[in-house]
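Written below as structure tokens is the structure these notes are about.
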Amino acid sequence: PDWMTGDRIPADAETPTMSTPHPTPPTPPRTSLAEGMLDRLLAQSIVLPAEWEELSAADRDELGAIPDAEPLIVRLSQQQLLTPFQCEAIRRGLTDELVLGHYRLLAMIGQGGMGSVYRAEHVFLRRQVAVKVMSRTYAANARLLHRFYAEAQAVAKLQHPNIVGCLDAGRHGSTEGTMRDYFVME
């Protein structure tokens, strides 16, 4: 304060009075995990926009008003908009891993030597498929990556009623910049 240093207060300066209210501290920004979560799930097609629109307006309003992540995840699951596998991935912060290309992962089927196989669904065609995703630990190895795609190519060439066919293959980049290699089977 000026009186402690001996500096003079200019005559035109306002002096505080006892009746001056203290300014209210600004409200801290909301840092809830749920803030914007529903919009992100819809934008990434984890929750399909068509299924969202099938809900009643009251249900959409109720879900949109949930302020916290966990109750929102539970309610989306109860509405069958998320699978248990997707709920767990969202809780662990792995939302970006739930969509590869045009395929949203619904459940894990199994794990093998080079990766994992998931039950998935094409986001536009709504066709159920199996997606084999190469493990990140092997993705940096060019020889193993070549073998992974060679397997997809070999399966794609075969057409037999007792052999699962390969429908698609690709590489998907997440928002974090990591690439995931996958191929899609019937």
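Every heavy atom of this structure was used, including side-chain atoms; hydrogens, water molecules and symmetry mates were not.
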Determine the minimum heavy-atom distance between [X] and [Y], stating which atoms define it.
X      : Y      : result
Asn141 : Arg143 : OD1-N, 3.0 Å
Met37  : Ala69  : CE-CB, 3.5 Å
Met134 : Tyr138 : CE-O, 3.5 Å
Tyr149 : Ala169 : CE2-CB, 4.1 Å
Leu145 : Ala139 : CD2-O, 4.1 Å

For this session: Starting from the C-alpha separation in whole Å, work towards a yes-or-no answer on side chain to side chain contact (heavy atoms under 4.5 Å, CB included) for Leu72 and Asp68.
Result: CA-CA 6 Å; Leu72 177 60; Asp68 297 315; over 6 Å; no

Is [Y] reachable from [X] through a run of I, L, V, M, F, W or Y residues, each pair having side-chain heavy atoms under 4.5 Å apart?
X      : Y      : answer
Ile66  : Val47  : yes
Met108 : Ile46  : yes
Val184 : Met114 : no
Leu38  : Leu94  : no
Leu106 : Val123 : no

Got [X] and [Y] here, is their nearest side-chain heavy-atom distance under 4.5 Å?
X      : Y      : value
Gln44  : Arg104 : no
Glu186 : Leu167 : yes
Val131 : Leu100 : yes

For this session: Could you list the residues that satisfy side-chain contact (heavy atoms from CB on, under 4.5 Å) with Gln159, not counting sequence neighbours?
Result: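 If we apply the side-chain contact (heavy atoms from CB on, under 4.5 Å) test to Gln159, skipping adjacent residues, there are no hits.
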
Exercise. When you look at NE2 of His102, are more than 12 heavy atoms from neighbouring residues, nucleotides or ligands closer to it than 6.0 Å?
Worked result: no

Problem set entry | More than 12 heavy atoms from other groups under 6.0 Å of CD on Gln78 |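 Yes.
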
For this session: Say whether, by atom type as modelled, one donor and one acceptor occur between the side chain of Gln86 and the main chain of Thr83 under 3.5 angstrom.
Result: yes

For this session: Mind telling me whether Tyr118 and Phe85 have parallel, tilted or perpendicular rings, with 30° and 60° as the class edges?
Result: tilted

For this session: Evaluate side-chain hydrogen bond (donor to acceptor under 3.5 Å, both in side chains) for Tyr182 paired with Asp168, printing each intermediate quantity in order.
Result: CA-CA 9 Å; Tyr182 66 95; Asp168 193 7; 4.6 Å; no

Exercise. Run the side chain to side chain contact (heavy atoms under 4.5 Å, CB included) check on Leu105 and Val99 step by step: do they pass?
Worked result: CA-CA 6 Å; Leu105 305 182; Val99 176; over 6 Å; no

Seminar exercise, completed: Only one of Arg136, Lys132, His172, Arg171 passes side-chain hydrogen bond (donor to acceptor under 3.5 Å, both in side chains) with Asp181, and that residue is Arg171

Exercise. Taking it one step at a time, do Met185 and Val129 satisfy side chain to side chain contact (heavy atoms under 4.5 Å, CB included)?
Worked result: CA-CA 6 Å; Met185 302 166 283; Val129 295; over 6 Å; no

Only distances under 3.5 Å count here; give the side-chain donor-acceptor pairs of residues 48-56 to other protein atoms, sequence neighbours excluded, each with its distance to 0.1 Å.
residue	atom	partner	partner atom	Å
Glu51	OE2	Arg126	NH2	2.5
Ser56	OG	Asp59	N	3.1
Ser56	OG	Asp59	OD2	3.3

Problem set entry | Full working for side chain to side chain contact (heavy atoms under 4.5 Å, CB included) between His122 and Gln128 | CA-CA 7 Å; His122 192 284; Gln128 296 272 320; over 6 Å; no

